[in-house]
Amino acid sequence: MISMIWAMDENWLIGKDNLLPWHYKEDLIYFKNIVNQKIVLMGEQTYLSLKSYYKKKPLPYKKIYVCNLEDKTYDDAILVQDIHQFLKQNEEEIFVIGGKTIYQLALPYADQLYITYVLNRHEGNIYFPKFDLSNYKLAKKEVIPSLIFALYERVSS
Ligand SMILES: NC(=O)c1ccc[n+]([C@@H]2O[C@H](COP(=O)([O-])OP(=O)(O)OC[C@H]3O[C@@H](n4cnc5c(N)ncnc54)[C@H](OP(=O)(O)O)[C@@H]3O)[C@@H](O)[C@H]2O)c1
């Protein structure tokens with residue numbers, strides 16, 4: 001099972017340089033409730049961004065895969081150099097947690113999408129690649145001030 005999780009604003013903005021463009025406490029709590037202690041896959045830039053948030057504290061995941069085309073070793077993560085091969089063969093329950101490049105590459109493999117809609121327009125420079133949700137059905141939706149938490153499940157490929 002492959003799930004993707006991200007937050008985007010009304011312009012599909014997801015990042016500002018290598019950070020989140022906003023601070024919504026409720027979304028951070030939601031993200032942590034879903035993903036902490038799980039197996040995660042992310043790109044090198046997102047990994048560096050998370051490291052800057054967590055400083056010296058260990059990242060709170062059961063297993064970490066980091067995508068990078070370059071040869072690299074991580075003391076807390078496993079390098080993935082070919083994301084397609086990796087996702088095709090995967091038998092684990094994986095959460096894809098960013099960023100833009102990795103969301104785009106992983107989308108064809110995703111069974112579930114956890115999308116937080118930020119009901120606002122923020123400043124930034126990294127956007128989620130536009131795609132069509134017609135292969136997914138809405139399975140859950142929760143509306144709170146400024147945010148909608150939606151879960152979509154794949155209905156066809
Ligand atoms: N709003 C949200 O929910 C959310 C969540 C996460 C991240 N973000 C934002 O997203 C931004 C980061 O996104 P990004 O696109 O710059 O970086 P990224 O997706 O985190 O990382 C991209 C990495 O993937 C590697 N890569 C490219 N093709 C690959 C392949 N076929 N197989 C394996 N690895 C491959 C690249 O390697 P090379 O460097 O060698 O090309 C690069 O190191 C930040 O602004 C962050 O804040 C937002």
Side-chain angles (χ1 to χ4, degrees), residues 1-55 59-69 77 80 83-84 86-88 90 92-157:
M1 162 86 90
I2 295 165
S3 302
M4 304 208 336
I5 180 164
W6 74 93
M8 63 182 184
D9 81 358
E10 290 172 354
N11 292 321
W12 293 45
L13 181 77
I14 62 166
K16 184 176 182 182
D17 301 326
N18 205 22
L19 297 171
L20 289 174
W22 47 66
H23 182 84
Y24 291 100
K25 194 170 155 222
E26 296 80 1
D27 186 51
L28 291 177
I29 293 167
Y30 178 79
F31 178 79
K32 287 179 181 173
N33 281 340
I34 291 170
V35 166
N36 278 15
Q37 303 316 324
K38 301 284 180 11
I39 303 172
V40 295
L41 171 76
M42 70 187 104
E44 164 87 1
Q45 303 318 316
T46 298
Y47 174 74
L48 295 175
S49 176
L50 272 175
K51 286 274 187 191
S52 76
Y53 280 113
Y54 277 88
K55 305 215 162 45
L59 299 182
Y61 307 116
K62 185 171 157 189
K63 198 196 269 187
I64 303 170
Y65 291 107
V66 176
C67 296
N68 195 334
L69 294 172
V80 170
I83 189 175
H84 294 293
F86 175 80
L87 291 175
K88 264 185 220 156
N90 169 62
E92 294 176 309
E93 193 176 337
I94 296 221
F95 285 83
V96 178
I97 61 168
K100 176 192 177 150
T101 310
I102 296 311
Y103 288 136
Q104 188 159 30
L105 295 169
L107 192 58
Y109 305 92
D111 305 297
Q112 297 197 123
L113 308 177
Y114 289 86
I115 306 178
T116 299
Y117 294 99
V118 173
L119 305 176
N120 221 324
R121 286 171 192 207
H122 288 266
E123 273 185 33
N125 51 1
I126 313 269
Y127 294 84
F128 197 95
K130 285 263 158 76
F131 75 103
D132 175 7
L133 268 170
S134 58
N135 290 335
Y136 293 88
K137 71 170 169 31
L138 184 65
K140 264 190 215 164
K141 182 176 169 185
E142 187 192 348
V143 183
I144 64 165
S146 304
L147 302 171
I148 297 175
F149 299 114
L151 168 62
Y152 297 89
E153 290 170 355
R154 186 182 280 281
V155 284
S156 63
S157 52

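If you're wondering where the values come from, they're calculated on a predicted model, not measured in any experiment. The first residue of the sequence shown is numbered 1, and numbering continues consecutively from there.
Atom CE of M4 is separated from atom CD1 of I115 by 8.0 Å, given to the nearest 0.5 angstrom. Note that the NZ atom of K140 and the CD atom of E153 stand 8.5 Å from one another [nearest 0.5 Å]. To the nearest 0.5 Å, the span separating CZ on F31 from CD1 on I97 amounts to 4.5 Å. Put simply, CG on L138 and CG on L151 are 7.5 Å apart, with the number rounded to the nearest 0.5 Å. Rounding to the nearest 0.5 Å places CD of E93 at 8.0 Å from CD of Q112. Here the OH atom belonging to Y30 is positioned 3.5 Å from the CD1 atom belonging to I34, to the nearest 0.5 angstrom.
Residues L41 and I2 fail the side-chain proximity criterion, which asks for heavy atoms closer than 4.5 Å. For the pair Y117 and M8, the minimum side-chain heavy-atom distance is below 4.5 Å. For the pair M42/I102, no side-chain contact is recorded, criterion being any heavy-atom separation below 4.5 Å from C-beta on. Side-chain contact between L50 and Y61 is present, with heavy atoms from C-beta onward closer than 4.5 Å. For the pair V35/Y114, no side-chain contact is recorded, criterion being any heavy-atom separation below 4.5 Å from C-beta on. L113 has its side chain within reach of L133: a pair of non-hydrogen atoms, C-beta onward, lies under 4.5 Å apart. Proximity of L147 to V118: side-chain heavy atoms (C-beta onward) are separated by under 4.5 Å at one or more points.
More than 12 heavy atoms of other residues, nucleotides or ligands sit less than 6.0 Å from atom NZ of K137. The 12-atom threshold is not exceeded at CD of E123, counting heavy atoms of other residues, nucleotides or ligands nearer than 6.0 Å. For K51, the NZ atom is densely surrounded, since the number of other residues' heavy atoms within 6.0 Å is greater than 12.
W6 and F131 have perpendicular rings, their planes meeting at more than 60° on a 0 to 90° scale where under 30° would count as parallel.
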Residues Y152, N135; criterion side-chain contact (heavy atoms from CB on, under 4.5 Å); working and verdict: CA-CA 9 Å; Y152 297 89; N135 290 335; over 6 Å; no
Residues I148, K141; criterion side-chain contact (heavy atoms from CB on, under 4.5 Å); working and verdict: CA-CA 7 Å; I148 297 175; K141 182 176 169 185; 3.9 Å; yes
Show the atom names and distances, to 0.1 Å, of all donor-acceptor pairs under 3.5 Å that link a side chain in residues 14-24 to residues at least two apart or in another chain.
unit_1: D17; atom_1: OD1; unit_2: N125; atom_2: ND2; d: 3.0
unit_1: N18; atom_1: ND2; unit_2: Q45; atom_2: O; d: 2.6
unit_1: Y24; atom_1: OH; unit_2: H122; atom_2: NE2; d: 2.7

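Formation of a donor-acceptor pair under 3.5 Å by the Y103 side chain with backbone atoms of I5 is found in this model. Between the side chain of R154 and the backbone N or O of A110, at least one donor-acceptor pair lies under 3.5 Å. Using a distance-only test at 3.5 Å, with no hydrogens or angles considered, no donor-acceptor pair links the side chain of N11 to the main chain of L13.
Tested against C67, the residues I83, T101, V96 include a single side chain to side chain contact (heavy atoms under 4.5 Å, CB included) partner, I83.
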